[in-house]
Amino acid sequence: MISVLIADDHAMVRGGFAALLSAQPDVRVVGEAADGLEAVAMAKRTRPDVALMDVRMPNLDGLEATRRVIASVPGTRVVILTTFDVDDYVYTALRIGASGFLLKDAPPADLVNAVRVVAGGEALLAPSVTRRLIEEFAGRQSIDEREALRLNALTPREIDVLRLIAEGQSNADIARSLTIAEETVKSHVGRILGKLHLRDRAQAVVLAYESGLVVAGRPSVEVRRSRRLRS
């Protein structure tokens, strides 16, 4: 069973999500919180697999609540609930460890799938939205040389895989792009996350942009060429 905590200051949203998820045979709703402080306290008490966290809540906003939940309940993965698909808060949430985001008006099937995907250890970043989100906000960041140095731990093939992850490609897409088996891609992804001490693909995407491996608005082939010239 996947245990889920729902945090949203609108009772109708909480109730609707809870009813939908409780109807699933593999999901159990362990709590509903109306604000950030309540969400953190409830997460510590129930230790859910997944926390659905609204960004804008009273007493403590969803970002700080996410930060506290991740710090105090490491096994809980947080999905940010937002009204808009491109939002400053979402990028910040990914940086502090959220596993992805979901639009509040997404179809019911998407909500159920989101819980299962994140509980399974994957990041909830649709390819069509990943590039819009990360390029919009990571493009404002200067390259972090410390983050760039972390990439030295990766092999050239792992660098290729990380770059494609940042471009929003799924494991199947990456397998086709690199002409390798999907199982091999999964192994590469696992090693990348382990070597870089990342929770999931969401943090890998952020690191790829902040390190300069992928540059917003520039094709990855140009980035590869510029990195070779610098080396």
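Scanning for side chain to side chain contact (heavy atoms under 4.5 Å, CB included) contacts around Ala172 gives Ser170, Arg176, Glu182, with sequence neighbours left out. Every residue two or more places apart in sequence or in another chain that forms a side chain to side chain contact (heavy atoms under 4.5 Å, CB included) with Ile70 is listed here: Thr66, Val78, Arg199. The salt bridge (charged side-chain N to carboxylate O under 4.0 Å, His left out) search around Arg68 returns Glu64, not counting sequence neighbours. Residues meeting the side-chain hydrogen bond (donor to acceptor under 3.5 Å, both in side chains) test with Arg191, sequence neighbours left out: Glu158, His188. Residues passing the side-chain hydrogen bond (donor to acceptor under 3.5 Å, both in side chains) test with Ser187: none are found, sequence neighbours excluded. Listed by chain and residue number, Arg116 satisfy the side-chain hydrogen bond (donor to acceptor under 3.5 Å, both in side chains) test with Asp26 (two or more places apart in sequence, or in another chain). In this structure, Arg157 has no side-chain hydrogen bond (donor to acceptor under 3.5 Å, both in side chains) partners at least two apart in sequence or on a different chain.
Membership of the apolar cluster around Leu5 extends to Met42, as traced through chained side-chain contacts below 4.5 Å between ILVMFWY residues.
Under the 4.5 Å side-chain heavy-atom criterion for grouping Ile, Leu, Val, Met, Phe, Trp and Tyr, Phe101 is not connected to Ile96 through any hydrophobic cluster. One hydrophobic cluster, built from ILVMFWY side chains closer than 4.5 Å, holds both Leu178 and Leu213.
The two residues Leu60 and Leu37 have their closest heavy-atom pair at CB-N, 3.6 Å. When all heavy atoms of Leu21 and Val27 are compared, the pair lying nearest together is O-CB, 3.5 Å. Ser99 and Val118 get closest at one heavy-atom pair: CB-CG1, 3.9 Å. Taking all atoms of both residues into account, the shortest heavy-atom contact from Thr76 to Pro48 is OG1-O, 2.6 Å. Across every non-hydrogen atom of Ala204 and Leu198, the tightest pair is CA-CD1, 3.6 Å. Of all non-hydrogen atoms in Val161 and Ile174, the two that sit nearest each other are O-CD1, 4.1 Å.
Among Val79, Val30, Leu52, the single residue meeting the side chain to side chain contact (heavy atoms under 4.5 Å, CB included) criterion with Val4 is Leu52.
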Worked check of side chain to side chain contact (heavy atoms under 4.5 Å, CB included) between Leu154 and Leu196
CA-CA 8 Å; Leu154 304 182; Leu196 299 179; 4.0 Å; yes
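Screening residues 32-49 for side chain to side chain donor-acceptor pair (under 3.5 Å), with sequence neighbours left out, gives Ser3-Asp49, Asp35-Asn59.
Between Met57 and Leu81, every side-chain heavy-atom pair lies at or beyond the 4.5 Å cut-off.
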Listing, residues 7-17 side-chain donor-acceptor contacts under 3.5 Å, not counting sequence neighbours, or none:
{"residue": "Asp8", "atom": "OD1", "partner": "His10", "partner atom": "N", "Å": "2.8"}
{"residue": "Asp8", "atom": "OD1", "partner": "His10", "partner atom": "ND1", "Å": "3.4"}
{"residue": "Asp8", "atom": "OD2", "partner": "Lys104", "partner atom": "NZ", "Å": "3.0"}
{"residue": "Arg14", "atom": "NH1", "partner": "Asp8", "partner atom": "O", "Å": "2.7"}

